[in-house]
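Naming convention: chains lettered A, B, ... in sequence-line order (proteins, then strands); numbering from 1 in each chain.
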Amino acid sequence: MEYNFKELEEKWQSYWRDNNINKVTVDPSRPKFYVLDMFPYPSGAGLHVGHPLGYIASDIYSRFKRLNGFNVLHPMGYDAYGLPAEQYAIQTGQHPAITTDKNVKRYREQLDKIGFSYDWDREVKTCDPHYYKWTQWAFIQMFNHYYCNDEKQARPIEELVKTFETVGTEGVNASCTEPLSFTAEEWKAKSEKEQQAILLNYRLAYLADTMVNWCPALGTVLANDEVKDGVSERGGHPVEQKLMRQWLLRVSAYSERLLEGMNKIDWTDSLKEIQRNWIGRSEGAEMIFKVKDSDVEMKIFTTRADTVFGVTFMVLAPESELVDQITTADQKEAVENYLEETKKRTERERLSDVKRVSGVFSGGYAINPLTNQEIPVWISDYVLAGYGTGAIMAVPAHDTRDFAFARHFNLPITQVVIPEGEEATDTATWDDSKDSKAGTMVNSGLLDGLSVPDAIAKTKEYIKGKGIGAVKVNYRLRDAIFSRQRYWGEPFPVYYKDDMPYMLDESKLPLELPEVDKYLPTESGEPPLGRAKDWKTEEGYSLELNTMPGFAGSSAYYLRYMDPQNKEALVGKESNEYWQDVDLYIGGTEHATGHLIYSRFWNKFLYDLGVVVKDEPFRKLINQGMIQGRSNFVYRINGTNQYVSLNLKKDYDVTPLHVDVNIVRNDILDIEAFRNWMPEYNDAEFILEDGKYICGWAVEKMSKSKYNVVNPDDIVSNFGADTLRLYEMFLGPLEQSKPWDTNGIDGVHKFLRKAWRLFHDRENNINISEDKATPEELKALHTAIKKITENIERFSFNTCVSAFMICVNELTDLKCNKREILEALVTLLAPFAPHIAEELWHQLGHTTTVCDAPWPKWEAACLVESTITYPVSFNGKMRFKLDLPADMNKADIEKAVMENEASQKWLEGKTVKKVIIVPKKIINIVVG
RNA sequence: GCCCGAGUGGUGGAAUUGGUAGACACGCAGGACUUAAAAUCCUGUGACCAUUGCGGUCGUGCGGGUUCAAGUCCCGCCUCGGGUACCA
């Protein structure tokens with residue numbers, strides 16, 4: 001066997017391991033580079049061929065940077081807490097730690113076979129107490145800090161306490177759950193418990209009664225980003241709204257900084273856009289509407305204060321606390337019925353039923369502060385309690401939802417904006433609200449005749465001046481619910497005294513996850529930790545029963561990799577100052593609104609504390625595309641055990657059935673393997689075409705049930721890790737989603753064998769010439785150096801592989817076996833196919849690893865052409881090619897073309913209007 | 001609905017700033033070597049017309065436009081993928 005990938009891959013993997021080739025340490029004499037893959041959750045199914053796509057890309061880049069003299073940090077670890085292991089524990093009674101351990105081992109085996117250059121000494125696991133100690137530590141810090149809006153950073157809570165003691169809330173501008181106001185005397189008069197309750201209103205990690213997404217099937221609450229389309233992202237179970245006392249992180253305090261920070265990071269526009277939408281900044285005004293015959297005031301948020309003359313009713317969210325205060329006696333029953341009805345609707349029903357208009361009149365009236373008009377106050381679930389103030393001014397003429405509501409309940413509609421090029425019309429004739437982004441104001445008193453932007457500005461001035469409102473910026477981003485009623489997660493370092501939460505002393509960390517007899521809630525409905533024996537502090541205070549969510553452990557793991565063994569700190573100063581931040585982060589786009597927001601928040605908080613030197617954790621981020629499955633089908637003739645080949649199926653009545661893609665090659669079914677696949681196919685019969693059974697195919701999600709899962713281990717054992725690596729890259733651009741189709745893999749495998757043969761004679765002996773390279777050979781090499789270097793830098797790995805193929809094809813044609821050429825070629829190949837490169841490098845006589853070889857530089861002198869093959873076009877259509885000296889000037893080129901025999905046919909009977917010559921590119925002659 | 005992204009041969013894809021559309025592979029067809037197979041190598045391969053040779057016409061989702069020249073830029077649509085959605 002000539003290229004024995006199996007033998008040499010095992011050999012070099014153990015060489016790298018035994019010689020600590022991938023170990024990195026802080027080394028200020030060299031520039032650092034930090035390449036990170038998104039933390040994988042080790043699932044029971046193991047890796048399929050889609051998972052390593054990003055890992056291969058990041059590994060190529062890491063190795064490339066190392067060859068260019070960088071000290072590269074390239075770690076890997078596991079996001080080991082999670083629901084699947086716990087669900088499995090509930091079913092089987094097996095401790096989730098055992099399941100997790102098993103899965104981690106399997107992941108590691110699979111990863112090792114692909115030849116990644118991870119420094120495994122830095123591996124972290126979120127469920128390891130040495131690791132989650134620092135998750136708990138960070139939580140304590142958040143509890144002990146609040147966010148100062150003036151200084152735009154987190155400050156110690158003691159500072160706030162001091163302010164309260166001296167001046168009360170006077171001058172305090174802090175992020176809080178609800179604005180409070182008290183004097184120093186009032187503060188001092190409060191009990192310890194009352195003071196603690198007030199501080200929770202400011203802490204960055206706080207306990208509050210809040211509406212949560214409760215998932216009964218999973219027995220836990222979920223964060224907003226864990227709910228998709230009203231069902232849980234994991235498992236797809238229904239989710240309902242429920243009021244519960246929960247831990248939250250005040251992520252919303254950092255909204256503006258999270259938004260601003262995106263201007264200085266190199267992420268894709270689409271990903272930044274997703275985050276911007278999720279943060280949802282909107283600039284508008286808060287306005288106060290007095291309620292008639294009462295001292296109740298309604299505060300509303302609007303982005304269109306200019307349309308205030310078009311307000312014909314007000315709407316409160318059903319959960320708003322003003323509902324009680326505004327509802328009149330005679331409407332009380334109707335309102336209560338409505339509240340009862342809305343409460344029963346689950347989140348899912350509400351979402352699937354968006355068009356249904358519902359609501360009830362409260363009986364109360366508000367006064368429009370600009371017109372002094374009385375306007376009815378309604379209650380409807382189309383207004384959300386969680387956004388703005390939970391109350392709106394309705395402008396039915398210019399808002400779709402308000403319009404639908406007004407029509408349904410027969411409320412008046414007043415037009416206040418005339419869109420450009422239109423006339424005012426009777427709103428009774430409208431089918432829908434009118435767009436009001438641009439136009440002229442009408443029916444608007446002092447705003448009449450103004451353009452929309454002018455009117456907005458004028459209204460803001462007016463309400464500010466009159467003290468009836470204020471300019472305000474609102475964010476859609478909610479605080480993150482941080483409690484989970486589950487077992488398999490980090491325990492909170494929290495105990496309760498007099499119903500108030502207190503933090504454990506840092507010296508007590510880590511607070512380790514206790515054993516429980518079952519992984520289910522207790523009979524009284526408490527979370528699983530309620531089953532733990534002696535789950536209390538030494539003093540006898542009971543400990544928190546909730547655990548932390550999945551994103552807790554993944555929010556600062558990139559920092560821990562910098563200094564994973566540190567017992568004194570999450571990350572040591574020296575390590576953090578050296579490694580700074582992640583230079584390149586590769587992972588899927590599915591974390592756009594979860595992990596990538598939370599870890600940025602977490603990092604900014606640590607930055608405020610002075611724990612880390614960088615404000616943003618991930619400098620450049622690339623989203624690799626998903627690898628979809630490519631399913632194969634056989635066609636069973638209905639009612640028989642007979643299967644008909646793809647192109648003959650139209651003559652029969654057939655049912656397509658998924659067939660395991662691993663027994664199909666180039667869409668041709670291995671009939672014997674099919675018969676042995678499942679008992680029901682043992683005596684299957686086939687109708688063949690050209691003696692073959694051809695399968696149909698389709699692109700679908702890669703999943704067990706579709707029998708289209710391809711395992712990287714199988715590819716490695718059939719073709720080798722180097723082939724797998726090259727092929728995953730060759731499939732297409734990294735960012736693009738594409739189906740996995742093993743069909744093309746022969747091409748890259750053949751390429752590696754061809755490359756091998758450049759170095760060896762027919763007897764497979766190394767055969768290298770020390771002669772000087774010819775210009776042709778140098779040109780082939782330097783073209784490849786240039787293309788591959790530039791393409792790695794712009795993450796275009798698929799075109800790198802083509803460049804390799806072209807180079808090896810050319811060198812094969814030139815029968816080149818010169819050291820001068822081949823040594824550089826091996827180095828270029830090392831990031832992509834490290835095993836074969838290491839083998840050839842050693843066969844070339846080197847005794848140290850190819851991982852530290854110098855990256856070749858391309859030389860312009862080797863690339864210059866003496867002649868250029870010009871495409872000659874007439875009226876833009878290429879007609880023939882013409883070889884001309886590269887240094888020929890325009891005039892001579894024109895002369896040469898005009899006199900050329902091939903031109904005459906196109907010039908005949910025509911006049912030349914114009915001749916365009918772009919030197920070294922193209923010649924175009926315009927004739928008429 | 002709104003916001004992104006993408007549509008190129010039978011397939012994956014290439015064409016970096018407007019300059020030879022289809023690189024590089026897969027597949028397919030034919031051939032060489034071989035008792036045979038595997039492996040390897042060679043030739044052809046966008047469509048249509050012509051095929052005795054040359055050759056010609058069309059062609060990057062659709063319809064327009066700018067330009068000597070458009071896959072690439074502009075305008076209007078269509079389809080697919082992703083995100084988000086009573087967010088005032």
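A salt bridge is absent between A:Lys692 and A:Asp667: the closest approach of a Lys/Arg side-chain nitrogen to an acidic carboxylate oxygen does not fall below 4.0 angstrom. Ion pairing between A:Arg281 and A:Glu256 holds under the 4.0 Å rule for side-chain N and carboxylate O. A:Glu790 and A:Arg794 are not joined by a salt bridge, as no carboxylate oxygen comes within less than 4.0 angstrom of a charged side-chain nitrogen.
For A:Arg476 and B:U84, the CZ to C1' distance is 7 Å, given to the nearest whole Å. What separates NZ of A:Lys750 from P of B:C24 is a distance of 14 Å, to the nearest Å. Between the CG atom of A:Asp402 and the P atom of B:A88 there is a distance of 12 Å, rounded to whole Å. A:Glu590 has its CD atom 15 Å from the C1' atom of B:G81, to the nearest Å. If you measure from atom CE of A:Met878 to atom P of B:G56, you get 11 Å, rounded to the nearest angstrom. Counting to the nearest Å, the C1' atom of B:C87 and the CG atom of A:Leu384 are 6 Å from each other. A:Leu752 has its CG atom 13 Å from the P atom of B:A25, to the nearest Å. Per the geometry, CG belonging to A:Asp667 stands 11 Å off C1' belonging to B:C26, to the nearest Å.
Distance check on atom P: B:C80 versus B:G71 gives 25 Å, rounded to whole Å. Spacing between B:A69 and B:U20 at atom P, rounded to whole Å, works out to 15 Å. Here the separation of B:A50 from B:G31, taken at their C1' atoms, is 26 Å to the nearest Å. A distance of about 7 Å separates the C1' atoms of B:C74 and B:U66, rounded to the whole Å. Rounded to the nearest Å, the gap between the P atom of B:U60 and that of B:U72 is 9 Å. Look at the C1' atom in both B:G9 and B:A14: the space between them is 13 Å, to the nearest Å. Spacing between B:C68 and B:G56 at atom C1', rounded to whole Å, works out to 23 Å. The same atom, C1', is picked in B:U43 and in B:C33; the two are 15 Å apart, to the nearest Å.
OP1 or OP2 of B:A88 sits under 4.0 Å from a side-chain N or O of A:Tyr387. The side chain of A:Arg879 contributes an N or O atom lying less than 4.0 Å from OP1 or OP2 of B:U57. Regarding contacts with the backbone of B:C4, every side-chain N or O of A:Lys272 stays at 4.0 angstrom or more from both OP1 and OP2. Close to B:C87, at under 4.0 Å from its OP1 or OP2, lies a side-chain N or O of A:Arg401. Contact annotation: A:Asn875 does not reach the phosphate of B:A69 (side-chain N/O to OP1 or OP2, under 4.0 Å). In terms of phosphate contacts, A:Asn743 brings no side-chain nitrogen or oxygen within less than 4.0 Å of OP1 or OP2 of B:A25. Phosphate proximity of B:A88 to A:Arg304: absent, as no side-chain N or O sits under 4.0 Å from OP1 or OP2. For B:A6, neither phosphate oxygen OP1 nor OP2 lies less than 4.0 angstrom from any side-chain nitrogen or oxygen of A:Gln736.
Pairing partner, B:A69: none, since no Watson-Crick or wobble contact has both distances short of 3.5 Å. Pair check for B:U16 finds none; no Watson-Crick or G-U wobble contact set falls under 3.5 Å. Under the Watson-Crick or G-U wobble criterion, with both distances below 3.5 Å, B:G22 has no partner in any strand shown. Across all strands shown, B:U34 forms no Watson-Crick or G-U wobble pair with both distances under 3.5 Å. The partner of B:G81 is B:C4, by the rule that a Watson-Crick or G-U pair needs both atom distances under 3.5 Å. Under the Watson-Crick or G-U wobble criterion, with both distances below 3.5 Å, B:U43 is paired with B:A29. Nucleotide B:G55: paired with B:C49 (Watson-Crick or G-U wobble, both distances less than 3.5 Å).
Between A:Trp378 and A:Phe405, the ring centre distance stays below 6.0 Å. Taking the six-membered ring for Trp, A:Phe5 and A:Phe719 have ring centres at least 6.0 Å apart. In summary, the aromatic rings of A:Trp740 and A:Tyr727 are positioned with their centroids under 6.0 Å apart.
The side chain of A:Asn809 has B:A25 as its nearest neighbour among B:A25, B:C26, B:G19. Set against B:U40, B:G19, B:G27, the side chain of A:Asp746 has B:G27 as its closest nucleotide. Candidate nucleotides B:C68, B:G12, B:U16 were compared by shortest atom distance to the side chain of A:Phe730, and B:G12 ranks first. With B:G56, B:A14, B:A88 as the candidates, the nucleotide lying closest to the side chain of A:Trp906 is B:G56. Here B:U11 is the nucleotide among B:C58, B:C68, B:U11 with the atom lying nearest to any side-chain atom of A:Asp741. Here the side chain of A:Leu731 is nearest to one of B:G13, B:G12, B:A88, namely B:G12. Side chain of A:Lys881, nearest nucleotide from B:A88, B:C4, B:U20: B:U20. With distances taken from any side-chain atom of A:Ser802 to the nucleotides B:C87, B:A14, B:A23, the minimum falls on B:A23. Distance from the side chain of A:Lys877 is smallest to B:C58 among B:C4, B:C58, B:U16. Of the candidates B:A88, B:G19, B:A15, the closest approach to any side-chain atom of A:Val383 belongs to B:A88.
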From CA spacing to verdict: side chain to side chain donor-acceptor pair (under 3.5 Å), A:Ser252, A:Asp479: CA-CA 5 Å; A:Ser252 62; A:Asp479 287 345; 2.5 Å; yes
List the steps and the verdict of side chain to side chain donor-acceptor pair (under 3.5 Å) for A:Tyr598 and A:Thr593. CA-CA 8 Å; A:Tyr598 296 129; A:Thr593 53; over 6 Å; no
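A:Pro733 comes within 4.0 angstrom of the backbone, heavy atoms only, and of no base. Backbone-only engagement by A:Arg757 is indicated by non-hydrogen atom pairs under 4.0 Å involving sugar-phosphate atoms exclusively. Base contact: A:Ile392 has a heavy atom under 4.0 Å from a base atom. Nucleic acid contact class of A:Arg276 (heavy atoms, under 4.0 Å, all strands): none.
B:G59: glycosidic angle beyond 90° from 0, hence anti.
Each of A:Arg478 and A:Lys921 has a nearest nucleotide on RNA chain B; the 5'-most of these lies closest to A:Lys921. If you find the closest nucleotide of RNA chain B to A:Asn924 and to A:Ala385, the one lying nearer the 5' end belongs to A:Asn924.
In terms of modelled atom types and a separation under 3.5 Å, the side chain of A:Ser433 and the main chain of A:His398 share no donor-acceptor contact.
The shortest distance between side-chain heavy atoms of A:Phe403 and A:Val395 does not fall below 4.5 Å.
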